[in-house]
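These notes are about the structure you will find just below.
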2 protein chains.
Amino acid sequence: MGYHHGDLRAALIDAGTELIAEGGLPALSVAEAARRTGVSAAAPYRHFPSRQDFLVAVAAQAAHDLEDAMRSAADGADSDGEHPVAAIAAAAKAYVHFVASRRTGFGVVFAPELRGVHDEGLRDAGRAVSDIILLRAIGATGGDAQVAVDFLPQFMAIVHGCASLNQVGLFNDLDSAADVAADTVCRLVAARASASNSGAVGG
Amino acid sequence: MGYHHGDLRAALIDAGTELIAEGGLPALSVAEAARRTGVSAAAPYRHFPSRQDFLVAVAAQAAHDLEDAMRSAADGADSDGEHPVAAIAAAAKAYVHFVASRRTGFGVVFAPELRGVHDEGLRDAGRAVSDIILLRAIGATGGDAQVAVDFLPQFMAIVHGCASLNQVGLFNDLDSAADVAADTVCRLVAARASASNSGAVGG
DNA sequence: GTCTATAGTAGGATAGAC
DNA sequence: GTCTATCCTACTATAGAC
């Protein structure tokens with residue numbers, strides 16, 4: 001083989017990202033990542049002690065990219081900070097698109113296989129994504145932080161649900177999925193803003 | 001070994017259901033199902049030509065059980081047909097609980113691995129679940145079928161999202177996840193019912 | 001840091017005996 | 001219909017040469 005790399009570690013992470021994009025988490029294989037990078041199956045073990053550690057590195061990269069995508073979308077839709085609802089809608093669409101192209105989202109960032117792993121990148125990215133939505137939600141609902149905190153899991157559930165259902169083919173196309181996600185979060189924000197003290201239904 | 005079964009096929013499907021509940025789709029293995037059922041690794045192949053066919057059978061069973069769970073919950077919360085919103089909330093909670101106990105939901109019922117498979121049980125169950133929600137949604141929003149049709153994917157996205165996020169540990173406990181799902185779908189129905197002709201936000 | 005070689009594990013699937 | 005035996009494949013991980 002005799003291939004020489006400037007940065008094998010990064011190349012392997014890229015290959016791993018590709019593998020997940022193609023076949024989901026179970027398709028992440030150290031051996032296949034090595035094959036695609038042009039090195040032997042043993043080489044990756046100089047950079048990652050085990051498949052688990054490799055997965056953590058790939059997930060951290062994905063989390064960072066996801067944070068970037070959502071932040072860019074939110075900022076782009078609301079450059080002056082006056083349109084928090086538009087920012088939330090844009091972030092929702094960005095999430096659905098990200099998952100469609102990478103097959104990676106909250107499900108990988110917070111993957112069960114990663115429980116108990118103390119990776120700074122992962123934790124930070126998770127909090128960063130939450131902050132992107134939280135800040136806008138506070139702005140969109142009139143400054144009530146508690147309402148925003150309640151809205152956060154709803155936002156995550158909706159965008160993750162749309163992204164997942166899109167993956168299994170329940171939407172006609174990607175744009176439909178993204179539109180449903182954006183429309184739904186907007187409806188919820190609107191309902192919250194107009195009646196932020198109404199009780200929850202269906203206990 | 002020499003084990004004798006009245007219905008090995010059914011026993012294998014039960015074992016397969018257990019495997020998925022424990023480790024998700026990738027944990028479904030013909031060999032392991034055989035082991036747990038007390039037969040040789042070759043025995044299942046008398047009943048299922050391949051792992052794929054085995055998966056279809058397990059998924060069909062899951063779809064049937066899911067339909068049952070959601071229908072029972074909806075009927076139980078609305079025995080007289082006068083409380084469609086309560087029925088929708090109950091179905092939402094039932095979905096989250098079902099996924100928590102079985103690790104199977106829309107993601108398996110409509111699994112990518114099953115694309116193009118023409119299994120009657122799967123198709124029927126998918127439509128049945130849709131109907132459970134559609135009928136109640138029409139009742140809850142004042143008889144507007146189009147609003148109900150639009151609401152269906154939102155319902156699915158929300159309950160699936162809550163169930164998935166619960167699996168990766170983003171809720172404090174199962175009841176919180178189910179409550180968020182029920183609360184969110186109720187808020188949406190309420191918003192739809194009060195303003196069924198409002199335009200969608202965030203195009 | 002990367003290679004070759006190898007041990008160990010596990011699953012999918014088939015052939016042929018009973 | 002089930003068994004034993006077997007083949008093939010693929011991946012994780014390690015040892016030791018370069």
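Protein chains get the first letters and strands the later ones, always in sequence-line order, with residue 1 at the start of each. The model shown is predicted, which means the values in this text are computed figures rather than measured ones.
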Give the rounded distance in Å between these two atoms: CG of B:Asp7 and P of D:dT2.
9 Å
Nearest-angstrom distance from the residue atom CZ of A:Phe54 to C1' of D:dC11
13 Å
Using distance alone, with no hydrogens and no angle criterion, decide if A:Asp173 and A:Ser176 have a side-chain donor and acceptor under 3.5 Å apart.
yes
Using the side-chain heavy atoms of A:Val30, tell me which of these nucleotides is nearest: D:dT12, D:dT2, C:dC3.
D:dT12
Is the closest basic N to carboxylate O distance between B:Asp179 and B:Lys93 below 4.0 Å?
yes
Between C:dG11 (C1') and B:Leu55 (CG): distance, integer Å
15 Å
Would you kindly give the CZ-to-P distance between B:Arg51 and C:dA10, to the nearest whole Å?
17 Å
Starting at CD of B:Gln52 and ending at C1' of C:dG12, how long is that distance when rounded to a whole Å?
13 Å
Between C:dC3, C:dG12, D:dA13, which one does the side chain of A:Ser40 approach most closely?
C:dC3
Looking across every strand, which nucleic acid part, if any, lies under 4.0 Å from B:Ala42 by heavy atom: base, sugar-phosphate, or nothing?
base
From D:dT12, C:dC3, C:dG11, nucleotide with atom closest to B:Ser29 side chain:
C:dG11
With distance as the sole criterion, is a donor-acceptor pair present between the side chains of A:Thr17 and A:Asp14 under 3.5 Å?
no
Which of the following nucleotides, D:dT4, C:dT4, C:dG11, is nearest to the side chain of B:Ala31?
C:dG11
Spacing between A:Leu12 atom CG and C:dT2 atom P, to the nearest angstrom
9 Å
Tell me the interatomic distance from A:Leu19, atom CG, to D:dT12, atom C1', rounded to whole angstroms.
15 Å
Take atom CG of A:Leu8 and atom C1' of C:dG1, then tell me their distance rounded to the nearest Å.
9 Å
Over all strands shown, is B:Arg46 touching base, sugar-phosphate only, or nothing at heavy-atom distances under 4.0 angstrom?
base
With sugar-phosphate meaning primed atoms plus P, OP1 and OP2, does A:Arg35 contact a base, only sugar-phosphate, or nothing at under 4.0 Å between heavy atoms?
sugar-phosphate
Tell me whether B:Arg127 is salt-bridged to B:Asp131, with the criterion being a basic N under 4.0 Å from an acidic carboxylate O.
no
When you get a sec, tell me which of D:dA13, C:dG11, D:dT2 is the closest nucleotide to the side chain of A:Ser50?
D:dA13
So does A:Glu120 pair up with A:Arg123, basic N to acidic O under 4.0 Å?
no
Return the 5'-most residue of the pair B:Ala43, A:Leu28 with respect to DNA chain D, ranking by each residue's nearest nucleotide.
B:Ala43
